[in-house]
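In what follows, chains are A, B, ... by sequence order, proteins preceding strands, each numbered from 1.
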Amino acid sequence: MRIELHECEPKNSAGLGATLAELHMAAVHKAVADGTIPAGTLIVLDFEKITAVNGSYIKGTASWLLTCGQLSSGNTENIIPPRHVADPRPYDLFVCVTGLSPDLVTEFQEFLKPRGLPLLFARKITGGAVNEAVLLGHLDPALKFTLNAVTKEGTCTAPRLHESFPDQKITVTAWNNRLNDLHSLRLVRRVRVGRTLEYSPLTRIILWA
Amino acid sequence: MQFNSAFITDLRECLSNQSNSQLESPSPSGFSIGGIVQLACLQSAYPECLKSSVNTWRTSSKALDNAIATQESGLLPSTLNMWDVRGLEFFPIRGRQWADREKYHPFASRFCKAAKQAGFGNIAQALSGALLEMADNVVQHSGPDPACPAPGIIGYYICDGHVAFSIADLGRGALQSLKENPAWSQLQNSKAALLAIIQKHASRRPSGGDGEGFKEVFKSLTNLNGLIELFSGDGRVRITNTPCGRQATPQFTGFLSGFQITVNCSLAGEPCERTFPLDYLT
């Protein structure tokens with residue numbers, strides 16, 4: 001699912017402010033509230049032709065989707081019920097951005113890094129699938145290593161990674177924890193196959209900012 | 001008498017205490033941007049008390065007349081060329097699409113150009129960003145639902161080496177807004193709410209709420225002699241940018257619903273509030 005932000009109403013080449021973000025995301029807010037987006041959907045936010053963004057706009061667009069996805073993968077007991085349609089709510093979504101100019105990359109980095117959030121910046125997309133992406137924001141070295149491993153392996157499980165990296169003194173449980181963390185950060189997908197959890201990357205090639 | 005922040009603080013006190021002594025004060029000799037924007041709001045909130053005095057004052061001040069007309073009508077008062085750079089302007093905040101391309105962008109562009117001409121260079125863009133963030137907060141937080149924001153007003157005054165802007169609304173105010181979020185439901189008063197916003201990045205949003213708007217303002221004030229005043233309900237906080245960091249001074253003040261903020265930035269000298277003469281714009 002791709003959203004070209006410069007086509008969203010009210011059309012504006014500058015993505016500034018929380019209210020504009022809410023207006024641009026209004027259809028997504030409604031679809032999330034109504035539950036009409038298939039679970040596990042990757043939403044690609046296209047910033048092509050957007051010349052400027054600020055923190056509030058990022059928070060209302062990419063970060064909003066990221067938060068919905070993260071809420072869906074964590075403990076939902078303490079989640080405060082949303083009061084407004086634009087409040088984040090648990091929803092199994094993934095998000096990446098594309099079409100960022102260098103200035104926009106800087107804005108995203110300034111937003112993501114202090115919050116310890118990672119976000120994929122898709123550089124090559126074919127038929128809705130991300131072929132190459134740059135990881136923006138922050139990711140712990142251990143999780144970086146794990147994400148690299150998942151991206152190289154394709155679909156994998158914790159025991160398989162344990163076998164693939166015998167030199168690393170990482171137990172199956174530790175691999176499991178790392179994969180679970182990547183899933184919570186919405187960087188890998190997860191499906192249950194029998195008694196095991198299978199993880200797969202969102203992009204075929206990952207580059208580091 | 002200068003109708004500045006100190007005067008407005010006294011006036012708020014008088015109006016909320018139903019005392020008329022301040023209303024018999026002499027006519028203004030000048031205004032600060034915060035003073036004039038808040039006076040326009042006070043006129044809306046206490047029309048019967050202020051009507052007579054304000055009507056007299058606005059006949060001698062086109063700036064005050066513009067501010068009140070903008071606040072009351074929600075329309076831009078000026079008929080000047082939209083690209084003429086001006087040192088003093090007002091802009092209404094109405095509805096969710098308040099910052100549209102046709103009206104707000106020329107206004108923001110004029111603000112930016114005026115700030116550049118006043119010597120602020122590249123900081124002008126950051127100040128413009130901070131202004132937009134603060135004004136957008138009216139839409140985001142003033143109403144019971146972001147779909148129904150309270151009306152608001154922006155004013156700015158720019159002169160050599162000095163930029164000041166003020167944003168005000170008569171909505172539900174900081175305390176009621178924050179109480180939407182269970183994390184802040186224990187706040188006791190508006191002063192505490194203002195301090196929570198400034199010092200703890202409190203937001204009504206239950207998830208990921210750490211207000212971006214004030215970060216933009218504080219970022220833009222870095223290396224400037226900044227003075228920020230926030231009013232909401234019966235709370236007031238004055239923030240100054242000092243060499244040791246930001247200093248916040250909270251106090252109680254006369255009640256006015258909603259939220260009002262004034263930002264003053266100077267390239268040199270002590271943090272201060274500047275005033276312009278009564279006949280400015282005339």
Review point. Does atom CG of Asn122(B) have more than 12 heavy-atom neighbours from other groups under 6.0 Å away?
Key: no
Exercise for review: Tabulate, in ascending numerical order, the residues of residues 6-32 of chain A having at least one heavy atom closer than 4.5 Å to a heavy atom of chain B, or enter 'none'.
Suggested key: Pro10(A), Lys11(A), Asn12(A), Leu16(A), Gly17(A), Ala18(A), Thr19(A), Glu22(A), Leu23(A)
Check your understanding: For atom CD of Glu153(A), is the number of surrounding heavy atoms from other residues, nucleotides or ligands below 6.0 Å larger than 12?
Key -> yes
Practice item. Please determine, among His105(B), Arg96(B), Gln97(B), the option with the most heavy-atom pairs under 4.5 Å with chain A. Key: Arg96(B)
Review point. Around atom CZ of Arg190(A), are there more than 12 heavy atoms of other residues, nucleotides or ligands at under 6.0 Å?
Key: yes
Exercise for review: Taking atom NZ of Lys179(B) as the centre, report whether more than 12 heavy atoms of other residues, nucleotides or ligands fall under 6.0 Å from it.
Suggested key: yes
**Study point:** Over 12 non-hydrogen atoms of neighbours within 6.0 angstrom of CZ in Arg204(A)
**Key:** no
Review point. Should Arg204(B) and Asp87(A) be marked as a side-chain contact (heavy atoms from CB on, under 4.5 Å) after you check the CA-CA gap, both sets of side-chain angles, and the distance that decides it?
Key: CA-CA 10 Å; Arg204(B) 70 168 172 80; Asp87(A) 287 345; 4.2 Å; yes
